[in-house]
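As a basis for the values below, the full set of heavy atoms in this structure was taken, side chains included, without hydrogen atoms, waters or symmetry mates.
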Amino acid sequence: MTLWLSTGLIFTFAAIVLILYKWWDIKCIGVTPVRTFTFIAILFTSGLDVGLIMFPLTEFGGYGDLSSSPEYGFANPLAIEFGFWAFLIWGFYFLTCFYFVIVEPRVQFFEIPLVKLVNNVVIIGTCAFTAYLLLVNLPWYLPQLGDGESVVPAFYAIVFVAIGLAVYSSSKIKYVRILSLGSSLLFIALIVGMWFRAFVLGAGSPADFLGTAGLIGEYFANIHQFVLPINDYHEFYLFWWFAWSIMIGQFTARFVSGIRTWQLLIAMLVVPSIAIGVWFTVLYHYHAEGLQIAALTNIAMISVGVLMVVNSLDSLIRLYTDNLNITAQRLGRANYVVFNVLVMVALTMLFQLDFLRIQWVGALVIALYFSCFAYILAKKRVEVSAIKASPKENILDFGKIELAG
């Protein structure tokens, strides 16, 4: 698996370089374009899940324990955490988003029946894994509802409600803008609130924040260390990112706002990384100083985390139901909601039983990458070489999303 993953990583980064070399300045327009700020909000909230909120405080200690994990010794825990979540690996999303907005309309690889089947298996499986992650991490964040380790009925209820909300919101594409902008604003409010408590009301100062943020510089000084797997845990993360990449690319491509390729790269690598860097800096200060998370703050973190899960599930459910033509318009909203809730709950339970693994899904996505490239070389090389602009049918009309189903 490590060799397969490493080969996939090298191919991905090489493909990004090729795209920038050949199509650096073409205008990228999706089928349902939105304004750039909204596009970034959709990207950020759809492309991340509850792990962004829940994982760092549980992981900083492990990255700093060099006696158990000496392979992390090249950088500090904040830089390691940032490397697992930000910057370079958002290139996966850039690659797939560019492909689906510019290349796929000419290639139609994902319209091949077998490819469409595999693609939807990937989407549905990763969708369920997102709900599963929320379920298994709730005990750590809400120990007051249980013993801090076991999954209790209240946690199942929270996850099932999140699935229900996501399925309902996915029935209308216009909800995605409201959900994404709302989630982004609440996430910013959470960051500001926790920053204020730590660096203004607490023992720290704004200068301490800048000093802590400076630790992220070790990531950029050692960025080459993150190109290939560091260890098994990093490997898990990378497979997870691959699993997400193909569907986030499909989903976000429809909303691209007419920006140039190089601007799309900045929007997808730099802007989310700034938000992640600020968030992780605040959390690392709490970890390093041993600050307690207040009950109200804990509830706010859980709320934002659940809302991010709803965002992610919304985009993924919308994607596979469109692909399989099991939309709310075709089934009726009630049937649509019942069917998708049952599917998501059942698959979440399969992950809970350790029957499914996200690594398998990520490996399948790498196979799709290679297969698509081989298909282009064999049958669509001339069409792809001739690309000079977005498909003619994609026009820059920001009102189209209001008319979409």
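Side-chain N/O atoms of Gln292 and Tyr286 include no donor and acceptor closer than 3.5 Å. With 3.5 Å as the limit, one finds a donor-acceptor pair spanning the side chains of Asp314 and Ser169. Neither side chain, Thr281 nor Thr212, offers a donor N or O lying under 3.5 Å from an acceptor on the other. Side chains of Tyr320 and Asn340: a donor-acceptor N/O pair is present below 3.5 angstrom, by distance only.
Under a 3.5 Å cut-off, the side chain of Glu235 and the backbone N or O of Ile230 do not form any donor-acceptor pair. Using modelled atom types, one side-chain atom of Thr327 and one backbone atom of Arg330 make a donor-acceptor pair closer than 3.5 Å. In this structure, the side chain of Trp23 engages the main chain of Ile387 through a donor-acceptor pair within 3.5 Å. Under the 3.5 Å distance criterion, the side-chain polar atoms of Asn222 are matched with a main-chain donor or acceptor of Glu218. With hydrogens and angles ignored, the 3.5 Å screen pairs a side-chain donor or acceptor of Ser245 with a backbone N or O of Phe242. Listed for the Arg106 side chain is a donor-acceptor partner under 3.5 Å among the backbone atoms of Ile102. Remark: the backbone N or O of Ser390 is not paired with any side-chain donor or acceptor of Asn394 at under 3.5 angstrom. Side chain of Asn311 to backbone of Leu307: a donor-acceptor contact under 3.5 angstrom is found. With Trp24 contributing its side chain and Ile19 its backbone, the two residues share no donor-acceptor pair below 3.5 Å. Using a distance-only test at 3.5 Å, with no hydrogens or angles considered, a donor-acceptor pair links the side chain of Thr12 to the main chain of Gly8.
Taking the six-membered ring for Trp and the full ring otherwise, the centers of Phe220 and Phe87 sit less than 6.0 Å from each other. For an aromatic pair to be called close, the ring centres must be under 6.0 Å apart, and Phe239 with Trp360 fails this. Note: Phe280 and Phe82 fail the aromatic proximity criterion, with ring centroids not under 6.0 Å apart. The aromatic ring centres of Phe92 and Trp240 sit 6.0 Å or more apart.
Note that CH2 of Trp279 is 5.0 Å distant from CD1 of Ile53, once rounded to the nearest 0.5 Å. Note that NZ of Lys380 and SG of Cys372 are 11.5 Å apart. Values are rounded to the nearest 0.5 Å. One finds the OH atom of Tyr284 at 10.0 Å from the CD atom of Glu289 (value rounded to the nearest 0.5 Å). To the nearest 0.5 Å, atom CD1 of residue Ile248 and atom CG of residue Leu316 are 5.5 Å apart. The CG atom of Asn120 sits 7.5 Å away from atom CG of Leu319, with the distance rounded to the nearest 0.5 Å. For the atom pair NE2 of His285 and CG of Asp208, the computed distance is 6.0 Å after rounding to the nearest 0.5 Å.
Under the 4.5 Å side-chain criterion, counting only non-hydrogen atoms from C-beta, Phe129 is not in contact with Val361. Side chains of Leu238 and His234 form a contact here, defined as non-hydrogen atoms less than 4.5 Å apart.
For the pair Arg333 and Tyr168, the distance from NZ or CZ to the six-membered ring centre is under 6.0 Å and the angle to the ring normal is within 45 degrees.
Summarising the local packing, CZ of Phe370 is surrounded by more than 12 heavy atoms from other residues, nucleotides or ligands at distances under 6.0 Å. Counting heavy atoms of neighbouring residues, nucleotides and ligands inside a 6.0 Å radius, atom CZ of Arg381 does not exceed 12 of them. Within a 6.0 Å sphere centred on CH2 of Trp4, heavy atoms belonging to other residues, nucleotides or ligands number more than 12.
Between Ile29 and Val101, the closest heavy-atom pair is O-CG2, 3.3 Å. A pairwise comparison of heavy atoms in Leu134 and Val306 identifies CD1-CG2, 4.1 Å as the closest pair. The minimum heavy-atom distance linking Val337 with Val167 is given by the pair CA-CG1, 3.5 Å. Between Cys28 and Thr261, the closest heavy-atom pair is SG-OG1, 3.8 Å. For Ala253 against Cys97, the heavy-atom pair with the smallest separation is CB-O, 3.7 Å. In this structure, Val365 and Ala243 approach most closely via the heavy-atom pair CG2-CA, 3.9 Å.
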Could you go through Phe100 and Phe251, starting from their C-alpha distance and side-chain angles, then the distance that decides it, and tell me whether this counts as ring-ring contact (aromatic ring centres under 6.0 Å, His included)?
CA-CA 9 Å; Phe100 281 103; Phe251 184 71; over 10 Å; no
Please step through ring-ring contact (aromatic ring centres under 6.0 Å, His included) for the pair Tyr63 and Phe84, ending with a clear verdict.
CA-CA 11 Å; Tyr63 298 148; Phe84 277 35; 5.3 Å; yes
Let's go through Asp65 and Ser67 carefully: what are the C-alpha distance in whole Å and the side-chain angles of both, what is the deciding distance for side-chain hydrogen bond (donor to acceptor under 3.5 Å, both in side chains) to 0.1 Å, and is it a yes or a no?
CA-CA 6 Å; Asp65 184 5; Ser67 60; 2.7 Å; yes
Go through the steps to decide whether Phe226 and Phe74 satisfy the test ring-ring contact (aromatic ring centres under 6.0 Å, His included), and finish with yes or no.
CA-CA 11 Å; Phe226 295 91; Phe74 64 88; 5.6 Å; yes
Could you go through the side-chain hydrogen bond (donor to acceptor under 3.5 Å, both in side chains) check for Tyr369 and Thr96 one step at a time?
CA-CA 9 Å; Tyr369 276 37; Thr96 54; 5.1 Å; no
Go through the steps to decide whether Glu59 and Tyr233 satisfy the test side-chain hydrogen bond (donor to acceptor under 3.5 Å, both in side chains), and finish with yes or no.
CA-CA 11 Å; Glu59 293 176 330; Tyr233 193 57; 2.3 Å; yes
What verdict does the side-chain hydrogen bond (donor to acceptor under 3.5 Å, both in side chains) test give for Tyr93 and Trp241, after you've listed the backbone C-alpha separation in whole Å, the side-chain angles of each residue and the deciding distance to 0.1 Å?
CA-CA 9 Å; Tyr93 290 173; Trp241 280 94; over 6 Å; no
From CA spacing to verdict: side-chain contact (heavy atoms from CB on, under 4.5 Å), Phe94, Leu20:
CA-CA 11 Å; Phe94 166 75; Leu20 294 176; 3.9 Å; yes
Run Phe39 and Phe255 through ring-ring contact (aromatic ring centres under 6.0 Å, His included) and show every step you take.
CA-CA 6 Å; Phe39 168 72; Phe255 303 112; 7.9 Å; no
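The aromatic rings of Phe55 and Tyr237 sit perpendicular to each other, their planes meeting at more than 60°, with 30° as the lower class boundary.
The pair Asp322-Arg318 meets the salt-bridge criterion, with a side-chain N (NZ, NE, NH1 or NH2) lying under 4.0 Å from an Asp/Glu carboxylate O.
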